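From a predicted model like this one, the values you see are computed outputs, not experimental measurements. Sequence lines set the chain letters: A, B, ... in the order given, protein chains first and strands last, and positions in each chain run from 1.
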Protein chains: 2
Amino acid sequence: MRFSKQRELIKNIVQGTNSHPTAYWIFNKAKKKISNISLGTVYRNLNKLNKDGIIDIFYDNNIARYDWNTVSHDHLKCNKCGKIIDVKMHTKELQKEVWKQYKFEADNFEITVSGICNNH
Amino acid sequence: MRFSKQRELIKNIVQGTNSHPTAYWIFNKAKKKISNISLGTVYRNLNKLNKDGIIDIFYDNNIARYDWNTVSHDHLKCNKCGKIIDVKMHTKELQKEVWKQYKFEADNFEITVSGICNNH
DNA sequence: ACTAATAATAGTAACCATTACTATTTAAAT
DNA sequence: ATTTAAATAGTAATGGTTACTATTATTAGT
């Protein structure tokens, strides 16, 4: 993969926020530095960075969100303010349990808990 | 809500399968009984049935799937055959744990475990 | 049963998030 | 410097879903 200032910027934007941004949010932020950057470039690079394990993608209902945190983790989503909080909930024990109970070889957990966060 | 044979058919289709179908799959199945049924009608009624608590919606990556099982439950998704299996994994204990650790009032859990099912 | 009121429909257009295409630009190896 | 191919901007196309509108059909009141 060759260097590009667009990709570098996009990577820095994702790595500089805890807000689990959408592609469009990243696009708007990027435009402040590179005014003619294109939305396609943002998507292409987000996918590329994800394939290389540099950033994470997850889906919040039907829209993609991007995360600098590539260590397997879970999310708490507040129904009042929309905030998404990183947490670690699933364990090796849960993985073993899934095998024991269902003979299912788990390799990825997607857990999103919605409710009300401690700001309310 | 007034009776309609379209909605009745859509409800029966969802309640008659364990395959966690998409709207488009339901649309095609419905066309065999009502050949000129429209995709908009399918979506409108799926949303209506969901709001009334008759069926469930969940998102498999970025596409909606519909489920007759309205009791809170989780999913195992096989990466080999695409099969989605209903399971019950989250517990009252987990809810309490989320409160204890994060002071987060959980009211909904979305858990999807991907991996390899026992057919492989 | 008949009629009036209005919910639901079919068909189509619009929408939004994302991907694909293409001519041009740019990084970097020679 | 020149060459080669990766990356880009800009735009068109796609896929899933929702919105719009004229028409049809259910149901409540006579």
request  = Examine B:I13 and B:I84 and state if one hydrophobic cluster contains both, with Ile, Leu, Val, Met, Phe, Trp and Tyr joined whenever side-chain heavy atoms are less than 4.5 Å apart.
outcome  = no
remark   = Between CD1 of B:I63 and P of D:dT14 the distance, given in whole Å, is 18 Å
key: Atom-to-atom span, CZ of B:F3 to P of C:dA8 - whole angstrom   = 12 Å
message = Measure OH/B:Y59 against C1'/C:dT18 and give the value in whole Å, please.
response = 16 Å
request  = Ignoring backbone atoms, establish whether A:Q6 has a side-chain N or O less than 4.0 Å from OP1 or OP2 of D:dA9.
outcome  = yes
ask   = Rounded to the nearest 0.5 Å, how far apart are CG of B:D60 and NZ of B:K77?
value = 3.5 Å
remark   = Sorted by position of nearest nucleotide on DNA chain D, 5' first, the leading residue of B:Y66 and B:K5 is B:Y66
query = Just how far, in rounded Å, is P of C:dA27 from CZ of A:R7?
reply = 11 Å
message = Distance check needed: C:dT19 C1' versus B:N61 CG, whole Å only.
response = 15 Å
Proximity to DNA chain C (any heavy atom under 4.0 Å), residues of residues 17-53 of chain B only = B:N36, B:I37, B:S38, B:T41, B:R44, B:N45, B:K48
inquiry  = Tell me which one of B:K11, B:R7, B:E8, B:Q6 satisfies side chain to side chain donor-acceptor pair (under 3.5 Å) with B:N45.
reply    = B:R7
query = Relative to the ring of B:H75, is the ring of B:H73 parallel (under 30°), tilted (30 to 60°) or perpendicular (over 60°)?
reply = perpendicular
note = By nearest-heavy-atom nucleotide on DNA chain C, the more 5' of B:M1 and B:N62 is B:M1
message = Exactly one of B:K100, B:Q95, B:Q101 should register a side chain to side chain donor-acceptor pair (under 3.5 Å) with B:E97. Which one does?
response = B:Q101
remark   = Of the listed D:dT26, D:dA6, C:dT18, the closest approach to the B:R2 side chain comes from D:dT26
key: Heavy atoms from other residues, nucleotides or ligands near OH of A:Y24 exceed 12 (cutoff 6.0 Å)   = no
